[in-house]
Amino acid sequence: MLRRIDSRLDTASASYQENYAHNQALAAELSARQREARHVRPQRDLDRLSRQGKLFVRDRLAQLLDPGTPFLELSTLAANDAYDGGAPCAGQVSGIGIIAGHEVMIHADDASVKGGAWYPLSVKKIVRALDIAIENRLPVVHLCDSAGGFLPLQAELFPDRMHAGRIFRNQSILSRMGVPQLAVVLGHCTAGGAYIPALSDYNIIVAGTGAIFLGGPPLVKAATGEEVGVEELGGAAMHSSVSGTADYAAASELHALALAREIVATWPMPGKTTVDHAEPEPPFYDPDEIYGIIPKDPRVQFDMREVIARMVDGSRFHEYQPDYGTTLICGYARIWGYRVGVLANNGVLFNDSALKGAHFIQLCDKARVPLVFLQNITGFMVGREYERRGITKDGAKMIMAVAGAAVPKFTVVCNSSFGAGTYGMAGRAFDSRFMFSWPNSQVGVMGAEQAANVLAEVKLRQLAREGLTLSDEAVAAIRDPVLAEYRRQCSAWHATSELWDDGVLDPTDTRNALGMGLSAALNAPIGDSRFGVFRL
Amino acid sequence: MTAIWPFETVLVANRGEIAARVLRSVKALGLHGLVLHHKADHAAPALALADGIIEIEGATPVAAFLDGTQIIEKARTAGVGAIHPGYGFLSENANFCAAVAQAGMVFVGPSAQAMALMGDKVRARAFVAARGFPVAPSAIEDDDPETFADRARVLGVPLLIKPAAGGGGKGMRIVRDLAVLDAELAQARREGLRYFGDGRLYVERYVERPRHIEVQILADHHGTTLHLHERECSLQRRFQKIVEEAPATTLTVQQRKAICEAAVGIAAAACYRNAGTVEFIFGDGVFYFLEMNTRLQVEHPVTEAITGLDLVAEQLRIAAGEKLRLSQADIRLDGHAIEMRICAEDAAAGFAPCTGQVLAWHTAVGAGIRTDAGIMQGARITAAFDPLLAKLIVHAPDRTQALALARTALRETVLLGCGSNIGFLGRLLAHPLVLAAELHTGLVEAELAALQRPTLPPQTAQAVLAAAALASQALLQAAEAVPPMHAAMGAWRN
Amino acid sequence: MRHILRVEGQTHHVALAGPASARTLLLDESYIAASLTQRVGSEASLTINGRCMVIHLAGTDDCRFIWLDGEVYEVAVLEPLTVHARAASAAGGLEARAPMPGNVVALPVSVGDTVLAGATLVIIESMKLEVVIKAPQTGRVAEIRCAVGRSFDKDAVLVLLAPEMES
């Protein structure tokens with residue numbers, strides 16, 4: 001067994017208390033935002049569902065999942081900072097849950113949000129869910145109930161490579177990979193949406209509410225003059241007994257969901273990739289104390305070891321190169337019994353920390369140890385001395401290692417995530433299986449203050465060339481709006497709204513989220529260890 | 001025990017608990033015991049006890065046990081020396097009784113003449129009344145069929161309509177309103193024809209809140225007729241007994257003496273031999289002759305408990321021609337005994353018969369507790385036969401203790417796989433009227449609502465559901481299918 | 001989705017969850033720590049939230065007999081799919097079932113007969129009680145699954161009707 005981290009945290013100190021109150025309030029804010037996004041709907045929309053004999057999407061999910069099992073919901077707060085807040089959760093629920101003992105990716109339309117219409121971010125959320133399914137070989141259950149694409153924004157959700165077509169492309173790839181998909185048609189599947197059940201290995205259609213057609217009755221009438229009703233055009237009876245597009249007709253939603261569970265139960269249990277695994281052990285230190293560790297002021301330095309100690313099994317950690325490259329902590333730990341390699345920032349990345357990181361990533365890749373990146377990075381060190389030492393080369397080596405690693409990677413943005421440091425620490429572009437943010441986190445090319453200062457500086461020099469100087473108020477007038485806008489764009493709420501991550505987590509939920517992520521990731525094999533050229 | 005018996009092999013022409021019970025005494029006397037078997041009975045204690053089995057067939061299982069010709073022929077072939085008819089079936093069939101004797105076998109019971117006399121309820125009443133024993137005011141159809149309905153009307157209400165060829169409480173109807181008398185008479189006639197092949201009726205004045213008191217008779221072929229005290233059988237439903245006791249504690253010494261002596265007198269007058277029971281209706285301090293049952297009765301064990309005698313052994317000895325070794329003074333009365341009839345009936349559904357299979361059967365054990373069972377593990381309970389499964393008999397120094405012992409024994413009697421009245425019996429024996437011995441034949445019907453099982457309290461429901469869930473392979477498999485980490489996380493949400 | 005347990009006419013939604021060493025019973029709105037240990041024969045020991053009691057168990061999920069404290073209860077454990085699929089089935093109004101076990105006394109109809117709702121289909125007898133089984137709705141006699149003199153169990157389908165043909 002690894003040694004336990006020796007915690008130096010003083011839970012009685014004023015700074016701990018202050019941080020605790022601040023982070024707990026943020027966690028409460030996260031909870032409130034999620035509750036609202038998940039459950040608060042105009043009564044008339046809920047009434048409409050009732051009248052149609054439909055269940056609310058989360059009630060469907062509750063019936064679909066195994067009782068007493070966890071559900072890792074992804075991107076709950078998607079679109080929270082878009083469309084004037086009119087599309088909570090982007091009208092989609094996606095996440096990983098257990099159905100008949102199988103780990104399954106679930107994608108569900110929320111018909112209580114604009115009839116389940118697909119906004120651009122809804123499409124992005126579905127594509128992301130299916131990308132995760134492909135990378136991790138997760139079977140998929142689609143709960144279909146959508147009015148179709150949100151026409152006013154069709155240019156942002158239809159034509160491009162990663163727009164709606166990518167959903168159907170991903171479905172086809174999953175099928176080619178032999179990963180099963182089941183679609184439950186609980187409402188209309190119109191036009192493109194009709195392809196979801198058609199491209200699924202199995203599909204169930206609910207009589208009376210489910211329908212599948214490339215064009216609905218109004219479109220058909222407009223196109224050819226033919227007059228035909230919903231049931232006759234694409235209802236359950238026709239598709240399950242005449243066209244063969246639907247495999248099963250269900251008499252009710254509960255019948256359909258029960259049938260879905262039985263179908264999933266017939267799927268073969270996938271072989272799991274074996275990695276070093278032991279009996280799980282909860283952390284020795286209380287994860288709740290993380291609230292008191294992360295400073296209220298994002299510029300204040302703290303020791304990430306204290307965070308690691310409250311996230312890993314038994315708070316046990318074997319630190320690699322403890323005396324070298326000390327601004328990057330590297331070491332082995334277990335999360336829910338799985339051995340992982342942890343990288344965490346204790347300051348900016350220097351030459352030595354970048355080299356250490358690149359080396360440690362290679363060690364883990366060779367040993368088939370999944371990697372967990374805990375980001376608190378403001379960037380690489382800049383300056384003449386460091387450029388002469390080759391900080392760019394060394395940063396490139398770390399990026400090359402991150403990009404080339406074949407083992408599953410998991411990223412948690414614990415605090416700052418700025419600049420190229422983000423790349424070296426497995427940011428969004430680097431194919432982590434899952435990426436989560438904490439409510440206090442920020443992501444951007446540089447910090448908001450710095451960005452605002454740089455932009456203001458550019459403006460001031462321009463005015464100076466024209467012979468003008470500005471008063472302090474005038475400077476503030478230029479600087480402050482920029483600062484506010486940057487702050488908004490850097491916040492975790494904005495990042496998660498745009499799906500730059502897979503969800504904002506309460507820090508104390510991180511261990512479970514990583515555990516579920518690790519378990520899901522092991523449904524896919526780990527490729528051979530190969531890297532590009534390290535500029536030495 | 002006699003050194004020499006005139007018969008070696010006894011056939012018990014019956015099934016269920018009584019067949020097992022009779023066989024036990026047959027074998028205890030050193031005799032060879034055979035039993036009838038119909039394939040509808042596949043797991044029965046009697047079959048294991050018997051030294052040999054005679055297979056019988058019929059259009060229905062019951063028809064097989066009523067086929068006297070088949071039974072006698074097969075018994076003769078098997079070398080049977082004596083036939084014990086048990087109760088029900090052919091036990092009170094005078095023709096069968098005579099045929100057994102004609103076939104050269106001994107019938108363990110009274111003569112065919114005594115059976116015929118007492119079997120005809122009208123004749124029996126007339127016989128008893130003529131000899132000065134008390135009978136209820138009545139109107140007999142046979143006396144004058146034309147005026148029967150009018151004479152019945154004259155008796156006034158309440159009235160009891162009875163089939164002349166009936167018995168065991170079947171086919172009887174109470175009339176409390178003369179306006180429906182004609183309709184009731186017509187219905188009773190139809191039922192009499194259907195069940196007994198005889199539509200003749202008689203009508204008696206009905207005693208409100210009557211008690212059913214009966215006296216056990218034992219008479220040998222050497223002129224001795226004894227009584228073995230009385231039994232109280234007032235806890236009934238639709239004239240079917242549910243719980244019987246001995247003795248009848250609320251009668252005075254004089255009343256008990258009068259009834260028992262009347263019973264002996266009636267039996268002696270009828271030249272009755274072997275075991276039989278004289279039944280009376282008792283109410284308002286007077287008793288009336290009801291009928292005589294010319295067979296061993298279901299509830300005989302309570303008499304055995306208080307007297308310390310084995311009635312079947314006595315029957316066999318009498319049938320073998322032995323003189324009764326006991327005199328009336330020798331008959332003890334020791335404590336109080338209660339018998340509960342455990343039946344496959346659903347008390348919550350109008351006592352509709354239940355079917356199933358005996359998946360578990362545990363009987364109470366201990367001092368003063370006896371269970372005569374007709375079922376065993378694995379037995380199928382069908383609608384083919386009577387729903388009586390077993391009799392639970394308890395014996396204690398007094399009635400209060402006997403009731404307490406009965407309730408304890410019932411709680412230790414476990415039958416799973418078929419509905420039964422065990423719970424109902426427990427509630428009945430805890431009812432205040434029963435505890436106070438304020439019994440009458442209408443008590444059970446009147447108190448039915450109070451005797452129903454209370455609605456399932458939440459804590460009990462929780463325990464029952466938990467047990468069913470934890471025993472369910474389906475639920476266990478569903479839980480085991482969840483991977484260990486997820487099972488440990490429980491219903492976590494982010 | 002939970003399994004459906006029925007006892008005394010009431011329906012409950014039940015599942016088992018948690019690790020094998022510490023099973024939790026999800027019973028409607030409650031979470032209960034429970035365990036069951038088989039003893040000899042049908043006897044078992046049931047522990048609920050720390051309280052221990054002796055019970056007897058027999059039967060299968062279709063009908064689980066449970067003895068507790070002198071009373072016997074019958075619990076049916078049903079797969080949700082079976083229940084929801086059955087609810088959808090249209091067979092409800094076309095079956096004439098036996099309300100109790102017994103024997104057929106009279107069968108006044110034949111296959112092909114048209115019968116009105118309430119018409120006598122079968123007369124049964126059980127423990128000397130006669131009961132008339134009537135047609136649940138107007139229809140045609142499609143199948144007769146009993147015979148005079150033969151016995152049957154409770155809930156047995158005695159006669160199956162088909163809907164009256166549309167003219």
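First the proteins, then the strands, lettered A, B, ... as listed; each starts at 1.
Looking at Ala34(C), the atoms closer than 4.5 Å to chain B (heavy atoms on both sides) sit in the backbone and in the side chain alike. For a residue to count as touching a neighbouring chain, one of its non-hydrogen atoms must lie under 4.5 Å from one of that chain's; by this rule Pro484(B) does not touch chain C. Of the atoms belonging to His12(C), it is side-chain heavy atoms, and not backbone ones, that fall under 4.5 Å from chain B. At a 4.5 Å heavy-atom cutoff, the contact between Arg23(C) and chain B is made by side-chain atoms alone. Both the backbone and the side chain of Leu465(B) come within contact range of chain C, each with at least one heavy atom under 4.5 Å from a heavy atom of that chain. Neither the backbone nor the side chain of Gln357(B) comes within less than 4.5 Å of any heavy atom of chain C. For chain B, no part of Arg150(C) is nearby; none of its heavy atoms comes within less than 4.5 Å. Only the side chain of His362(B) comes within less than 4.5 Å of a heavy atom of chain C; its backbone N, CA, C and O stay farther away. Only the side chain of Val77(C) comes within less than 4.5 Å of a heavy atom of chain B; its backbone N, CA, C and O stay farther away. For chain B, no part of Gln38(C) is nearby; none of its heavy atoms comes within less than 4.5 Å. In this structure, no portion of Thr60(C) lies under 4.5 Å from any heavy atom of chain B. If you measure heavy-atom distances from Ser420(B) to chain C, you find no contacts under 4.5 Å at all. The part of Arg194(B) that comes within reach of chain C is its side chain, from C-beta onward, which places non-hydrogen atoms under 4.5 angstrom from that chain. Leu25(C) touches chain B through its side chain: at least one heavy atom from C-beta onward sits under 4.5 Å away, while N, CA, C and O do not. Using a 4.5 Å cut-off between heavy atoms, Val464(B) contacts chain C through both its backbone and its side chain. Contacts of Leu36(C) with chain B are made by both backbone and side-chain atoms, with heavy-atom separations under 4.5 Å.
Taking chain B as the reference chain and counting heavy-atom pairs below 4.5 Å, the highest number among Glu74(C), His56(C), Lys154(C), Met100(C) is found for His56(C). Among Gly423(B), Ser472(B), Ala478(B), the residue with the largest count of heavy-atom pairs under 4.5 Å with chain C is Ser472(B). Heavy-atom pairs under 4.5 Å with chain C peak, among Gly356(B), Ala488(B), Pro353(B), at Pro353(B). Contact count against chain C (heavy-atom pairs under 4.5 Å) is highest for Val414(B) among Val414(B), Leu415(B), Leu359(B), Thr413(B). Ranked by non-hydrogen atom pairs under 4.5 Å with chain C, the options Ala461(B), Ala474(B), Ala352(B) are led by Ala474(B). The greatest number of non-hydrogen atom pairs below 4.5 Å with chain B, out of Gly18(C), Ala44(C), Ala17(C), is found for Gly18(C). Note on Val75(C), Asp61(C), Leu26(C): by heavy-atom pairs under 4.5 Å with chain B, the leading option is Asp61(C). Contact count against chain C (heavy-atom pairs under 4.5 Å) is highest for Ala467(B) among Ala59(B), Cys354(B), Ala360(B), Ala467(B). The candidate with the highest count of non-hydrogen atom pairs below 4.5 Å against chain C, out of Gly417(B), Ala469(B), Ala463(B), is Gly417(B). Options Leu68(C), Asn103(C), Leu57(C) differ in how many heavy-atom pairs under 4.5 Å they form with chain B, and the most are formed by Leu57(C).
Annotation: side chain of Leu16(C) is in contact with side chain of Leu476(B) (closest heavy-atom distance under 4.5 Å). In this structure, Leu158(C) and Leu121(C) have side chains that are not in contact, with every pair of non-hydrogen atoms separated by 4.5 Å or more. Phe424(B) has its side chain within reach of Leu448(B): a pair of non-hydrogen atoms, C-beta onward, lies under 4.5 Å apart. Side-chain contact between Leu456(B) and Val7(C) is present, with at least one heavy-atom pair separated by less than 4.5 Å.
Donor-acceptor pairing under 3.5 Å is recorded for the side chains of His3(C) and Glu79(C). Judged purely by distance below 3.5 Å, without hydrogens or angles, the side chains of Arg6(C) and Thr11(C) pair a donor atom with an acceptor atom. If you check the side chains of Gln236(B) and Gln240(B), you find no donor sitting under 3.5 Å from an acceptor.
A salt bridge is defined here as a Lys NZ or Arg NE, NH1 or NH2 lying under 4.0 Å from an Asp or Glu carboxylate O, and Arg427(B) with Glu71(C) meets this definition. Residues Arg411(B) and Asp69(C) are paired through a salt bridge, judged by an N-O separation under 4.0 Å between the basic side chain and the carboxylate. Salt-bridge check for Glu57(B) with Lys39(B): failed, with every basic side-chain N at 4.0 Å or more from each acidic carboxylate O.
Annotation: cation-pi geometry satisfied between Arg15(B) and Phe385(B) (NZ/CZ under 6.0 angstrom from ring centroid, within 45° of ring axis).
The closest donor-acceptor contact from the side chain of Asn421(B) to the backbone of Ile242(B) lies at 3.5 Å or more, if one exists at all.
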